[in-house]
Amino acid sequence: PMARRRYVIQHAIPSADGSLTPMGTRAELVTGLATCNTGPDRPDGNVLYGPGVELGIAPGEDPVRQMEMAVTADDIAWTIIHRMKKQFGWKFIDPESGRTF
């Protein structure tokens, strides 16, 4: 199987003290991401599944400061990634190169 590309998602605006700005509460993220056809397979799930992507939230983290995203299908993932970027103002970081988009 092909290796999945992984990215880290964070709020695009840094906080004043340099810590990670909260992206929202778990409930807010689940509700917001539902508009992108993305959600957990069970109410307390830590992985949200969407078209071509899987978003991982650290267990118990609330508010959420970052998520890990795995791209599972390149051909459909980028449409939803651009939509999330536009809708939520998040930045996506490639942990291997350090590049942000």
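We're numbering straight along the sequence, starting at 1. The model shown is predicted, which means the values in this text are computed figures rather than measured ones.
For R26, the side-chain hydrogen bond (donor to acceptor under 3.5 Å, both in side chains) test picks out N46, with sequence neighbours left out. Remark: T31 pairs with no residue by the side-chain contact (heavy atoms from CB on, under 4.5 Å) rule, at least two apart or across chains. For P51, the side-chain contact (heavy atoms from CB on, under 4.5 Å) partners at least two apart in sequence or on another chain are N37, T38, I76, I80.
Atom OH in Y7 sits 10.5 Å away from atom CZ in F92 (nearest 0.5 Å). Between L55 atom CG and L33 atom CG the span is 6.0 Å, to the nearest 0.5 Å. In this structure, I57 CD1 and L48 CG are separated by 5.0 Å, a value rounded to the nearest 0.5 Å.
Residue pairs meeting the salt bridge (charged side-chain N to carboxylate O under 4.0 Å, His left out) criterion with at least one partner in residues 35-47, sequence neighbours excluded, are R42-D44. Applying the salt bridge (charged side-chain N to carboxylate O under 4.0 Å, His left out) test to every pair with at least one member in residues 91-101, sequence neighbours left out, gives no pairs at all. Contacts classified as salt bridge (charged side-chain N to carboxylate O under 4.0 Å, His left out) and involving residues 78-90 (residues at least two apart or in different chains) are not found. Applying the salt bridge (charged side-chain N to carboxylate O under 4.0 Å, His left out) definition to pairs two or more places apart or across chains, those involving residues 52-65 are R4-E54.
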Under 3.5 Å, sequence neighbours excluded: what are the donor-acceptor pairs made by side chains of residues 66-73?
{"residue": "Q66", "atom": "OE1", "partner": "Q10", "partner atom": "NE2", "Å": "2.8"}
{"residue": "E68", "atom": "OE1", "partner": "R6", "partner atom": "NH1", "Å": "2.9"}
{"residue": "T72", "atom": "OG1", "partner": "G52", "partner atom": "O", "Å": "3.1"}
{"residue": "T72", "atom": "OG1", "partner": "V53", "partner atom": "N", "Å": "3.4"}

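When the side chains of ILVMFWY residues are joined at heavy-atom separations under 4.5 Å, either directly or via intervening members, V8 and F101 end up in two distinct hydrophobic clusters.
Alongside L20, the hydrophobic cluster contains no other residue (criterion: ILVMFWY side chains under 4.5 Å). Counting Ile, Leu, Val, Met, Phe, Trp and Tyr side chains that sit under 4.5 Å apart, directly or through other members, Y49 shares a hydrophobic cluster with V47.
Although no hydrogens or angles enter the test, the distance criterion places a donor-acceptor pair under 3.5 Å between the side chain of E28 and the main chain of T25.
Looking at M23 and P63, their side chains never come closer than 4.5 Å, going by heavy atoms from C-beta outward.
Below 30°, between 30° and 60°, or above 60°: for F88 and W90 the angle between ring planes is below 30°, a parallel geometry.
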